[in-house]
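Everything on this sheet refers to the single structure shown next.
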Amino acid sequence: MERYDPRAIDSRWQGIWESEGTWEVPNPGEPGFDPSKPKAYVLEMLPYPSGEPHVGHLKNYSIGDAIAHFRRRNGYQVIHPMGYDAFGLPAENAAIKTGEHPRVATERSIAAFRREFHSWGISIDWTREIASCEPEYYRWTQWIFLKLFERGLAYRAEAPVQWCPVDQTVLANEQVIDGHCERCGALVEQRNLEQWFFRITDYADRLLADFDLLESWPENVITMQRNWIGRSEGARVTFSCEELGIDFPVFTTRPDTLFGATFFVLAPEHPELERLVAGTEHEADVKAYVENARRETPAERGSGDREKTGVPLGRTVTNPVNGEEIPMFVADYVLMEYGTGALMAVPAHDERDYAFARSFGLPIRRVIEGTDPDEAVDDDGLPYSGDGPMTASGRFDGMQNRAAYGEIVDWLASEERGEPAVNYRLRDWLLSRQRYWGCPIPIVYCEECGMLPVPEDQLPVELPDVEDYAPKGQSPLATATDWVNTECPGCGGAARRETDTMDTFVDSSWYFIRYLDPHNSEAAWDREAADYWLPADQYIGGIEHAILHLMYARFFTKALADMGELGVQEPFANLFTQGMITRDGHKMSKSRGNTVSPSDYVERYGADAARTYVCFTGPPAKGGDWVDAGVEGVHRFLSRLWRLGMDVAATGESAPVAEPSEEARDLLGKAHWAIDKVTRDIEDGFQLHTAIAAVMELVNAAYRHKDSLEGDPALRFAASTAASLIFPFAPHLGAEVYEALEGRRVWEEPWPQADESYLRSDTFPLVVQVNGKRRDQVEAPADADEADLVRLAHASEAVRRHIDGREVVKEIVVPGKLVNLVVR
RNA sequence: GCGGGCGUGGUGCAACUGGUGACACGCCGGCUUUAGGUGCCGGUGCUCGAAAGAGCUUGGGGGUUCGAAUCCCUCCGCCCGCACCA
């Protein structure tokens, strides 16, 4: 008999799906739209096209495709699109080396991705394919930018920014990892530059509150975003330097410790520093200290428990609660980016302030009584961060600190020296990049009219061709003088274009909306289509996007909803983050030489084995190590299913019998159990590996009975059920076997339903225990009552041996499961 | 330090509201073919035993229970994220 030939099967079905456009789905109002079906938007993170797809992509789209197929066959109208996040640095860096236009390398890579995705047989509606580097796409990225600009959510400001000296560009805070550039690993520097920002901080509270609107997101992703936003409640209190008449607002989470403030510290970057020390004996020391701090990397400065350093300023500020003059310092443990870049130091109740006070011999005044033996470093039990009654705090003495907290803030507010305040760690999103291969920012600058948005009817502002892609501290676009020099949309005079491009995270913050109406040349999307499909019911991707991409997309969705362009507040109702596949225990990388090319395996074993393997190798949420033998194991299983199907299809079938044999009933029971198991495993949290295991079990059982049940309808049922259940994971084989057995297309069949009558059985295995230890297993009638079960237990020879004359004091019966005999 | 997760056979890992290990890899034996691999069948937690069987097993210790991977206490170890955040 011929053998399972995955390559022939793959190309046959891929041809059918391609020519029939099987996975295309219409929008509401379009021909073929079925309003009776509920919708399901199954979305995987779009790939960044660089080189060829790797196993991470294989896993991502295999999982997504399984979900898409499962939903379709459960009666949903499923949209399952694909696109490319095509702007970005790798293509540009390659262009700098080779001189080849980044578009060329990008298009080559897109072609490779497209070809491989087709060879995997994933069920994509290819009519909705998009690429973010196409003018038809980025025209609308620019449109969104302008909408944000209109509402004051995009703004330009000079700011200290993170500058990567190698990539010659500004980075978002999120792209700086431990002081290094996320992409190239270079040490990041600080610079002051005019940059474009999105006002994501306006949405901080809603980004936090709306976690409640999500159906199911991994807890760790929510936690990571929550930490990143870093909301803390407290008060803003103003200290002032009377000598120079400068007010210094500070943020504190502990207004109850205000009376314990004994000194005051500014960050080295604080803008008022110069004024404070100009012309004084401290000027030189302060300047030297600031210089030194500036040279240090954020990583060095931020490193844990290093010695506290600082320099006195020779000035004082007045503590608003008691009028005390307290000395000022500059110290690098104060961060300009958090709060106001200045803080009141309360050494008795803050570890860092305590360390600083000890080093500089500054007074330490306790204002809350109590001790925490774990934290205290000195004999007085200080520093103390716990609760207790107030002391040395004027009229608040004796009050519990928690109660004093609110009263002190109220009092300061009435004196206009403070107010309740909320502070965030989150910064605004810096989106401008001094690079070539990105979406141009649609802004022009005119001597007369100033900064103006490009009018909507002039979009897209197309990316011009340039001679040299290498950045030289300004965007390569600046060298395209014909493009830069333009007409002012306001006065018609000479104007210059903005030459920065956008961060690629802007492109990917709305692509899931464009999929819904990808060819619309009148608008970014049709509102009806967006309202119908959004939010995405299932989003699938890597954990590495837990913060950046996922938070930016949430922000865009909210901003667009506020503008009346969208009807949802959250883009992704359910999120699944897949684990990373490693090789030999390590992350795959070209430099390590341990990469796995999916195409090799697709060539050798077919798409189904490769796809099923990545879903089977462990819980999909966890990572796993790629093992070649594992792919072979899956391949063996698939060929066994194929053989089973072909053998059964080749033999005739006897007429249905009134009373199936015991063997047939067993097999039918197994099939219904598998249906139930696979359905639950996919629905309840992506237990794809156990779902596949259940199908394997069914196939093994059917295979065992293949000869004895030849011609029995039960065998055919088991085989076609297995084909039907494996289809979401191994669609080519599933379709092939199902067609051979049933003569129909499996994807047009509803998902199989477990028949309860087959899940039950006439008998069940009764476990018999003696003192909680399993000693025997006997067949018990399903309808046996407790007394019958006890009788059966006692009848067991093995059990009698164990009791060995001792007295049975108690019989514990778990109906349908076991009998436990307690003996003494 | 803070937050999240985890610890079960040689390995990846199953186990519903407490009633012991699914599926697969690997390994061992057999069959077919045979240059080898593939393919098929059977076995496989550990220890003792020829066998029947017995004892021990879900990171360690303790507890609740007739019975614990599961519940409680405690200790140990690992992974991930954030971190001088006022």
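Convention: sequence-line order gives letters A, B, ...; per-chain numbering from 1. All heavy atoms count here, side chains included; hydrogens, waters and symmetry mates do not.
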Next item on the list: Take atom P in B/C41 and the same atom in B/G49, then report the distance between them in whole Å.
Entry: 34 Å

Next item on the list: Evaluate the criterion side-chain hydrogen bond (donor to acceptor under 3.5 Å, both in side chains) for residue pair A/His549 and A/Glu544; output intermediate values, then yes/no.
Entry: CA-CA 9 Å; A/His549 164 61; A/Glu544 66 273 17; over 6 Å; no

Item checked: Distance, C1' atom - from B/G19 to B/C23, rounded to whole angstrom -> 23 Å

Margin query: Measuring centre to centre across the rings, with the benzene-like ring taken for any Trp, is A/Phe360 within less than 6.0 Å of A/Phe329?
Written below: yes

Checklist line | Nearest-neighbour nucleotide for the A/Leu818 side chain, B/C84, B/G19, B/A86 considered | finding: B/G19

Checklist line | Contact nearer the 5' end of RNA chain B, comparing A/Asn771 with A/Val767 | finding: A/Val767

Next item on the list: With RNA chain B as reference, determine whether A/Asn227 or A/Lys622 sits nearer its 5' end, using the nearest nucleotide of each.
Entry: A/Lys622

Check: Any donor-acceptor pair under 3.5 Å between the side chain of A/Gln769 and the base of B/G19?
Finding: yes

Checklist line | From B/G4, B/A86, B/C40, nucleotide with atom closest to A/Tyr338 side chain | finding: B/A86

Next item on the list: Counting heavy atoms from C-beta on, name the nucleotide in B/A86, B/C25, B/G4 closest to the side chain of A/Ala629.
Entry: B/C25

Note to self: Roughly how many Å apart are B/A22 and B/A69, using the C1' atom of each and rounding to a whole number?
What the structure shows: 15 Å

Check: Side chains of A/Tyr405 and A/Arg254: donor-acceptor distance under 3.5 Å anywhere?
Finding: no

Checklist line | Side-chain donor or acceptor of A/Arg775 paired with backbone N/O of A/His802 under 3.5 Å | finding: no

Checklist line | C1' atoms of B/G45 and B/C28, separation to the nearest Å | finding: 15 Å

Note to self: Using atom P in both nucleotides, what's the gap between B/A24 and B/A15 to the nearest angstrom?
What the structure shows: 16 Å

Notebook entry, point to check: Has A/Lys308 got its NZ or CZ under 6.0 Å from the middle of the six-membered ring of A/Tyr333, at an angle within 45 degrees of the ring axis?
Noted result: yes

Note to self: What does the 5'-to-3' dot-bracket notation of RNA chain B look like when only Watson-Crick and G-U wobble pairs under 3.5 Å count, and pairs to other strands show as |?
What the structure shows: (((((((..(((......[...)))((((((.......))))))((((....))))..(((((..]....))))))))))))....

Note to self: Under 6.0 Å between ring centres: does that hold for A/Phe576 and A/Trp217?
What the structure shows: no

Note to self: Taking the six-membered ring of A/Phe637 as reference, does the cationic atom of A/Arg640 (NZ for Lys, CZ for Arg) lie under 6.0 Å from its centre and within 45° of its axis?
What the structure shows: no

